Amino acid sequence: MRLIFLGPPGAGKGTQSERICRDYNVIQLSTGDILRANIKKGTELGKLAGMSINKGELAPDDVMIDMIKAELHAKDVLNGYILDGFPRTVPQAIALDDLLHEMDKKLDVVLIIEASTDILIKRLSSRRTCRNCGKSYHLIYNPPKHEDVCDVCSGELYQRDDDTEEPIKTRLKIYEKQTFPLIQYYINKGIAEKIDGMGEIEDIYHQVKTVLERFK
Ligand code: AMP
């Protein structure tokens, strides 16, 4: 199964992707997580993307397209994957179509998860992320068992620089302008499915599963 999770920052793409990976034998390719890991390691890619990430701006399309090419050619994606955070612009979506065509593969479904701006801001500003494995928590709705400690790997939890007020505003504006048009792009292809991202995590996952059962 190959799918894309599309939606604004804070809609729950990462949280839902974790559950899909657990139940459907696919892997999550979160471009944000990959970039953050590269920044931590100080790689060339990390340097190219670092400035944009901290300000809440998008990294350049060519950098992202090269990165996703490398990821999709890796062996561990053979059973399928969830693209979480890619594509985010029309040029990225077109490059992905070309790449899949070259690889003789196609997307099964694009899940479009929607939530109101109020909810997105509340979720992002209360989000904490593991410095070590990247898992996300919400201080109220999905807290860790022990304060500031990751349940999975005991890593330290921190607030991402881009989960603070100004970068959050920038990210939401960029989403509206550059990523929102992709919804129509995938509706036109007939592979878009909308998910209401306003409720509880498990209720949202129930909707996701109802869609995914068709592609098993
Ligand atoms: P995320 O973890 O998905 O919220 O992504 C965090 C940040 O990584 C974004 O605000 C961008 O700076 C960068 N990023 C992630 N994916 C992309 C992409 N597909 N295109 C451009 N920038 C991206």
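For ligands, and for the atoms within them, numbers begin at 1 and follow the listed sequence. Because the structure is a prediction, the values reported are computed rather than measured.
Electrostatic pairing of R128 and D148 does not count as a salt bridge here, judged by no charged N lying under 4.0 Å from a carboxylate O.
Side-chain N or O atoms of R127 include none that pairs as donor or acceptor with a backbone N or O of H138 at under 3.5 Å.
Judged by distance alone, the side chains of D203 and Q207 never bring a donor and an acceptor atom under 3.5 Å apart. With no hydrogens or angles considered, a side-chain donor-acceptor pair links E213 and Y24 at under 3.5 Å.
No side-chain heavy atom of P167 sits less than 4.5 Å from a side-chain heavy atom of N54.
For R131 and Y158, the positive end sits near the middle of the six-membered ring, less than 6.0 Å away and at most 45° from its axis.
Protein residues having a heavy atom under 4.0 Å from any atom of ligand 1 are T31, G32, L35, R36, I53, E57, L58, A59, M64, G85, F86, R88, Q92, R160, D162, R171, listed by chain and number.
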